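See structure below.
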Number of protein chains: 2
Amino acid sequence: MRPQLHPLSFKGSIDKLQQSAPYMKEDTTFQLLLSSINEKVRLTETEMQVCKSFFTPKKLLKKQLLLQHQEVCHFIAFVVQGILRSYTVDAKGNEHVVQFALEGWWISDNYSFLTGEPSTYNIDALEDAELLLLSRPAMDELLLKVPAMERYFRILMQNSLVALQRRLVGSLSYTAEEKYTNLIRTYPDIAQRVPQHQIASYLGIKPETLSRIRKQLTSR
Amino acid sequence: MRPQLHPLSFKGSIDKLQQSAPYMKEDTTFQLLLSSINEKVRLTETEMQVCKSFFTPKKLLKKQLLLQHQEVCHFIAFVVQGILRSYTVDAKGNEHVVQFALEGWWISDNYSFLTGEPSTYNIDALEDAELLLLSRPAMDELLLKVPAMERYFRILMQNSLVALQRRLVGSLSYTAEEKYTNLIRTYPDIAQRVPQHQIASYLGIKPETLSRIRKQLTSR
DNA sequence: GCAGCGCCTTGACCTGCATCAAGAAATGGC
DNA sequence: GCCATTTCTTGATGCAGGTCAAGGCGCTGC
C-alpha cells in the first residue's frame, strides 16, 4: 500500500493536540508543525527553536479571507486547526476549488508567493482556523539559518507535485462517480467536514450532479 | 506579462547549441543543463564541474522506452535534444499523456524516483533524443557536495507545481477548444513537433474531437 | 511503384453531465 | 422559537464531446 501524499503537505494526527490543557497552548501550536518537519528532515533542538521564531500565529474565522484575488500572497500558511480552501473564479464566473487544507497541511498561492505577482486565487476558511504564517523574508532567512529546511520544502513540493499529477490524470480518466468515490476513500475527513457543493467544485462537477451520484450510491 | 512556467523545468534556447561544431560536443551537451541551473542558482566553476560528473549521457531512438510501467524509476532525465512524453494507461485501456519534455526540460516519475515504488507511468521518445540522467544515488551525493542544488530542485518543483495547478484548473474550467488554443499559444513548439493524437491525449480529448476543433478554427 | 501502416478527417448517432427551475431541509442569528 | 440564509434534492431538457464506422492521405520499406 502506497503512503498517501497530500497536496502541499501531509496529514498529521491531532487527537492529542485537541485534548491538551490550555497552559500548553504555546507548545501545542507548534507541535504539529515540528512533527511535520521531523517526519522529513532531522533538526537539532536549537534549529527547531530557530524555526519556531520565524512563524507568526494567526486566527481566522469561518468565511474570513486569508488571501484575496489580485493581492500578492506574502506568506505560506500551515494549518494548525480548521479547514481552508483556495479557489479561483473563472471567466464564466464559476468557482473552482483548487485545494483544501486541513490540520497539518500547507496552503498558499505558490506562484504569487515566489514571484511577487498578484494572486489569481482566493483563500478562505471553511471552519474557524488557527494558522502559522511564514512570510517571504522570514522564509528566506530561515533557509539561510536552517539549510535543512530547504530539503523539507523540496520534499513538500515533490509530494504535492505527485499528488497533483494523480489528480490531473484522475480528472481526465475517471467519471464523476469514480472521482467522488476516490475522494471519500482517500480523504474521508474532507468528505465529512466540507459542504457537498465545495466538494463538487473541487471535483469539477455541479452540486446537482454530486447529489444524484450520492443518491445512486446509497441505493446500492 | 508573466514568465512562463513549465512542468518540471523551463524552456531554454537551443539555437547556439545546434549550430556548434562536432568537436564541441562534450561542452554543448552540458551547456543547456548548466544554463538551466545558472538561471536559478549561482554555482562556482568547480561546483559546475562536480555537477557534470554526476550525470550520465544517454541516447534514445524514436519510440524507444526510457521507463516502463511497473519498473522503478531510477533517474530523473534532462532533455538535451528531442522530445519525450510520459503517459499512463488507465483501467479502460486509454492512454493519457501526463507530460511532454522538450529541450531544456526534466522528465521522470517523481513518485517512483523518490519512494522506490514501481512506476505507474511509461516514458518514451517521440523523436530521437539525447538525455542526461541523474540517478538516485548520484542525486543524493550531488546534493551533499553541492548544496545549492537542493535549492535548484526546490525551485524546479515549485515551478512545476504552479504549472500543474494551472493545467488542472484549466482542465476543469475550459472547453476543449479553449484548452487547445491555450496549448498552442503557450507551447507552439509542442503543437508543431508532436502528432495531433498525442496532443489530444494530453488535453484529455479524443483525436476526432481535436480534428473537428481544428477545422472550426481554420474556417474562422 | 505499391503494399502496409500510422495518422487525420468526416459523418451519424449516443450519453453523461450541465442547465434551468423549484422546493425541501438544515443551519444559524437573535 | 422563528425567520433568513445556506445547502441539498429532484425533475425536465439541452448540448459538448464521446463512440463507432468508414475512408483518405502520406510516409516508409522493399
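Every chain is numbered from 1, with letters handed out A, B, ... down the list of sequences. Since we're looking at a predicted model, the values are computed, not measured.
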Practice item. Go through B:I205 and B:I213 one step at a time and tell me if the side-chain contact (heavy atoms from CB on, under 4.5 Å) criterion holds. Key: CA-CA 11 Å; B:I205 62 179; B:I213 286 169; 4.2 Å; yes
**Study point:** For B:T175, all residues meeting side-chain contact (heavy atoms from CB on, under 4.5 Å), sequence neighbours excluded
**Key:** A:K92, B:E177, B:E178
Point to revise | All salt bridge (Lys or Arg N to Asp or Glu O under 4.0 Å) counterparts of B:R212, not counting sequence neighbours | key: none
Study note, to complete from the structure: From NZ of A:K179 across to C1' of C:dA18 the rounded distance in Å is 13 Å
Check your understanding: For B:I184, which residues count as a side-chain contact (heavy atoms from CB on, under 4.5 Å) partner, sequence neighbours excluded?
Key -> B:Y180, B:A191
Study note, to complete from the structure: In the 5' to 3' direction, the nucleotides of DNA chain D bounding the stretch that comes under 4.0 Å of a heavy atom in chain A are D:dT6 to D:dA12
Check your understanding: Taking only residues two or more places apart in sequence, or in another chain, which ones meet B:E208 in a salt bridge (Lys or Arg N to Asp or Glu O under 4.0 Å)?
Key -> none
Check your understanding: For the helix from C:dG1-D:dC30 to C:dC30-D:dG1, what angle lies between the axis at the first five pairs and the axis at the last five pairs, to 10 degrees?
Key -> 60°
Revision key, fill the gap. Sorted by chain and residue number, the side chain to side chain donor-acceptor pair (under 3.5 Å) partners of A:Q68 (sequence neighbours excluded) come out as none
Study note, to complete from the structure: Applying side-chain contact (heavy atoms from CB on, under 4.5 Å) to A:L132 and not counting sequence neighbours gives A:T29, A:F30, A:L33, A:F55, A:P57, A:F78, A:V80
Check your understanding: For B:L61, what residues pass the side-chain contact (heavy atoms from CB on, under 4.5 Å) criterion, not counting sequence neighbours?
Key -> B:Q64, B:D128
Review point. With sequence neighbours excluded, what pairs up with B:E71 under the salt bridge (Lys or Arg N to Asp or Glu O under 4.0 Å) test?
Key: none
Exercise for review: Do nucleotides 5-15 of chain C as a string where each nucleotide becomes B, S or -: B if the base has a protein heavy atom under 4.0 Å, S if just the sugar-phosphate does, - if no protein is that close.
Suggested key: --SSBBBB---
**Study point:** Any residue meeting salt bridge (Lys or Arg N to Asp or Glu O under 4.0 Å) with B:R214, in chain and number order, not counting sequence neighbours
**Key:** none
